[in-house]
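Input: a single structure, listed below in structure tokens.
Computed from heavy atoms alone, side chains included, the values below leave out hydrogens, waters and symmetry copies.
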Amino acid sequence: MHDKLGLPYSGQALIHKYAADSATAIAMFAKAGVPVYFVSTPLSRVESPSYTHLTQLGGMFSALPAGFPARRMVRYIEVAAPLEWDGKYTATLPCTNGETCTNHWPDGTKTVVVRQADGTHFCPVTEQATPTGRSCPVPMPGAARFARAITLPILHDFRLRG
């Protein structure tokens, strides 16, 4: 996103731009009776040392539902926790049902890799180049956990509306 001079938005200007664009999207979907969901992002290894639960942008998104209270049509879903350990970034987590454990912690807890070595992405191994970009050649437990954390509250809401 760039301002009128062609410069990339940054700082508070970036937050205001996202807020304005989000309000526009909410208004469009509200006319059609479609709920709008905003979702947090998982903590990256770089962000971890200064982590204060919500970035400025995350804080803005988490506050949006209060500005649009009608019929809970705007929701914020905090989904970072399934990819953190004790509120902090981690590359491995204890295995859950259906995951193939790949290692263990010193205490013997069986673990699975949920984040790539780059500290950001979900592919537990180095992605492979393909003719159309990059691809992960193995299952991604981190991506599955993130997707479940997003979809479960949405499915719950639609069951209540049904």
Side-chain angles (χ1 to χ4, degrees), residues 1-94 96-99 112-116 118-124 127 132-136 139-162:
M1 294 190 299
H2 295 82
D3 65 17
K4 292 176 184 174
L5 301 175
L7 301 171
Y9 284 105
S10 64
Q12 196 58 44
L14 180 66
I15 305 302
H16 289 310
K17 176 66 171 148
Y18 269 108
D21 289 352
S22 297
T24 299
I26 290 167
M28 289 174 18
F29 285 107
K31 282 183 185 177
V34 176
V36 178
Y37 291 84
F38 292 93
V39 178
S40 66
T41 57
L43 180 64
S44 73
R45 186 174 51 233
V46 171
E47 295 167 326
S48 188
S50 61
Y51 187 54
T52 58
H53 185 64
L54 281 179
T55 62
Q56 257 190 310
L57 189 58
M60 183 277 299
F61 283 132
S62 71
L64 280 175
F68 301 89
R71 295 183 293 140
R72 290 179 41 101
M73 293 299 284
V74 179
R75 294 246 347 251
Y76 176 78
I77 304 172
E78 174 59 56
V79 296
L83 292 165
E84 298 172 357
W85 184 254
D86 197 24
K88 302 289 182 198
Y89 171 88
T90 185
T92 62
L93 285 168
T96 61
N97 290 337
E99 293 176 338
V112 65
V113 177
V114 294
R115 302 298 285 277
Q116 194 173 71
D118 69 3
T120 301
H121 296 97
F122 293 130
C123 186
E127 295 172 322
T132 58
R134 304 193 65 71
S135 177
C136 186
M140 298 184 290
R145 290 175 184 219
F146 186 58
R148 274 192 304 276
I150 294 169
T151 56
L152 289 177
I154 295 170
L155 290 171
H156 178 263
D157 286 357
F158 278 86
R159 281 189 205 113
L160 293 178
R161 285 191 182 103

>> Tell me the closest heavy-atom pair linking Ile77 and Ile150, and the distance in Å.
In response: CD1-O, 3.9 Å
> Do you know which two heavy atoms are closest between Val39 and Tyr76, and how far apart they sit?
Replying inline: C-CE1, 4.2 Å
>> Testing the basics here: between Pro65 and Ser62, what is the closest heavy-atom pair and its distance to 0.1 Å?
In response: CD-O, 3.4 Å
>> On a heavy-atom basis, which atom in Glu78 and which in Ser40 lie closest, and how many Å separate them?
In response: OE2-OG, 3.2 Å
> Residues in ring pair (Phe, Tyr, Trp, His ring centres under 6.0 Å) with Tyr89, at least two apart?
Replying inline: none
>> Using side-chain heavy atoms (C-beta onward) and a distance below 4.5 Å, is Pro124 in contact with Cys136?
In response: yes
> Does the side chain of Val36 reach to within under 4.5 Å of the side chain of Phe68, using non-hydrogen atoms?
Replying inline: no
> Is any side-chain heavy atom of Ile26 closer than 4.5 Å to a side-chain heavy atom of Phe38?
Replying inline: yes
> Which pairs, with at least one residue in residues 23-36 and sequence neighbours excluded, count as a salt bridge (Lys or Arg N to Asp or Glu O under 4.0 Å)?
Replying inline: none
>> Main chain of Phe122, side chain of Arg115: is a donor-acceptor contact present, judged purely on distance under 3.5 Å?
In response: no
> Taking only residues two or more places apart in sequence or in another chain, which ones pass side chain to side chain contact (heavy atoms under 4.5 Å, CB included) with Leu14?
Replying inline: Met1, Tyr9, Tyr18
> Is any side-chain heavy atom of Asp157 closer than 4.5 Å to a side-chain heavy atom of Pro35?
Replying inline: no
Which donor-acceptor pairs under 3.5 Å do side chains of residues 140-149 form with protein atoms, sequence neighbours excluded?
from: Arg145; atom 1: NE; to: Glu99; atom 2: OE2; distance (Å): 2.9
from: Arg145; atom 1: NH2; to: Pro94; atom 2: O; distance (Å): 2.7
from: Arg145; atom 1: NH2; to: Glu99; atom 2: OE1; distance (Å): 2.7
from: Arg145; atom 1: NH2; to: Glu99; atom 2: OE2; distance (Å): 3.4

> salt bridge (Lys or Arg N to Asp or Glu O under 4.0 Å): which pairs involve residues 9-20, sequence neighbours left out?
Replying inline: Lys17-Asp21
> Among all residues two or more places apart in sequence or in another chain, which pass the side-chain hydrogen bond (donor to acceptor under 3.5 Å, both in side chains) test with Asp118?
Replying inline: His121
> When you measure from the side chain of Ser44 to the backbone N and O of Gly119, does any donor-acceptor pair fall under 3.5 Å?
Replying inline: no
> Does Ala20 offer a backbone N or O that forms a donor-acceptor pair with the side chain of Thr24 under 3.5 Å?
Replying inline: yes
